[in-house]
Amino acid sequence: MEHSTKFFWVLVLCVVAMTYQATALETVETLKGESLIQKVCTLSATRNLCIEVLSSDRYKSPNANLKDLAIISLRFAATNASGILAETKILIDDDKLSPDVQQGLADCKETILDAESQLEDSIAAIMIDSKGETQLWLKAALAAIDTCDASIPGDDDILSVESVAFRKLCNISITVTKLLLHPIKL
């Protein structure tokens, strides 16, 4: 008798868990656009920036699902990386900077190229529904910007503001892509 009672309770718990998961997935599937953006951005450390980024695509954002939002955030971060890369290329040729800083910027240019490529790989991974790989590429992009910062001598390097912004954008992408992996959290 005791064995069948335990089995019954395990069965009840499984049914409750499956019902909860199905309800959570329905919530994710029914939320779109602005309401989804608001919900997702409550989980971000930079809520206002998150809303700005996820609302930035005037064509996709109004009806975006979670996958669309992930792609929007990744494209935004990749565009930011391109901007950092362009600025770095200009700074490398600045004769007012010391040779050590110029060399650090040259090294940094390479790691920013890597970060930009890793963000593009993240987008590709989402498009083929390989969501787990997306997290790996995002972490690699964050490591690349850390390497960039470390390659420029001095405590307050000339790209510090840009690298802080890049990290925030990558963290928004991480928030969205984690929800793709675990939509129950919404």
Q | L119-M127 co-clustered via ILVMFWY side chain contacts under 4.5 Å | A |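 Yes.
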Q.
Could you see if W137 belongs to whatever hydrophobic cluster contains L113? Use Ile, Leu, Val, Met, Phe, Trp, Tyr and a side-chain cutoff under 4.5 Å.
A.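 As far as the 4.5 Å side-chain criterion goes, L113 and W137 are not connected within one cluster.
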Quick one, [X] and [Y] - any side-chain contact, counting heavy atoms below 4.5 Å?
X    : Y    : answer
I37  : C41  : yes
D146 : R167 : yes
C50  : L54  : yes
L179 : L43  : yes
L142 : L138 : no
S55  : E34  : yes
E52  : R47  : no

State whether the side chain of [X] and the backbone N or O of [Y] hold a donor-acceptor pair below 3.5 Å, judged by distance alone.
X    : Y    : result
T42  : K39  : yes
S130 : A125 : no
S98  : V101 : yes
S44  : V40  : no

Shortest non-hydrogen contact from [X] toward [Y]:
X    : Y    : value
L169 : A77  : CB-CB, 4.0 Å
C148 : L159 : SG-CD1, 4.2 Å
S61  : S56  : OG-N, 3.8 Å
I172 : V53  : CD1-CG2, 4.3 Å
I126 : K67  : O-CE, 3.2 Å
N63  : D68  : O-OD2, 4.3 Å

Nearest 0.5 Å, what's the [atom1]-[atom2] distance between [X] and [Y]?
X    : Y    : atom1 : atom2 : value
K178 : L66  : NZ    : CG    : 14.0 Å
I152 : S160 : CD1   : OG    : 9.0 Å
I84  : E162 : CD1   : CD    : 6.0 Å
D107 : I112 : CG    : CD1   : 11.0 Å
L74  : T79  : CG    : OG1   : 10.5 Å
T177 : H182 : OG1   : NE2   : 9.5 Å

Q. Would you say the side-chain atoms of S117 and E120 include a donor-acceptor pair closer than 3.5 Å?
A.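 No, no side-chain donor-acceptor contact under 3.5 Å.
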(Q) Just by distance, no angles: are the side chains of Q118 and D114 close enough, under 3.5 Å, to form a donor-acceptor pair? (A)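 No, D114 and Q118 have no side-chain donor paired with an acceptor closer than 3.5 Å.
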Q: Output yes when R75 and D57 qualify as a salt bridge under the 4.0 Å nitrogen-oxygen rule, no when they do not.
A: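 D57 and R75: not salt-bridged.
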Q | L105 and its side-chain contact (heavy atoms from CB on, under 4.5 Å) partner, picked from D94, I90, L97 | A |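 The side-chain contact (heavy atoms from CB on, under 4.5 Å) with L105 is passed solely by L97 among D94, I90, L97.
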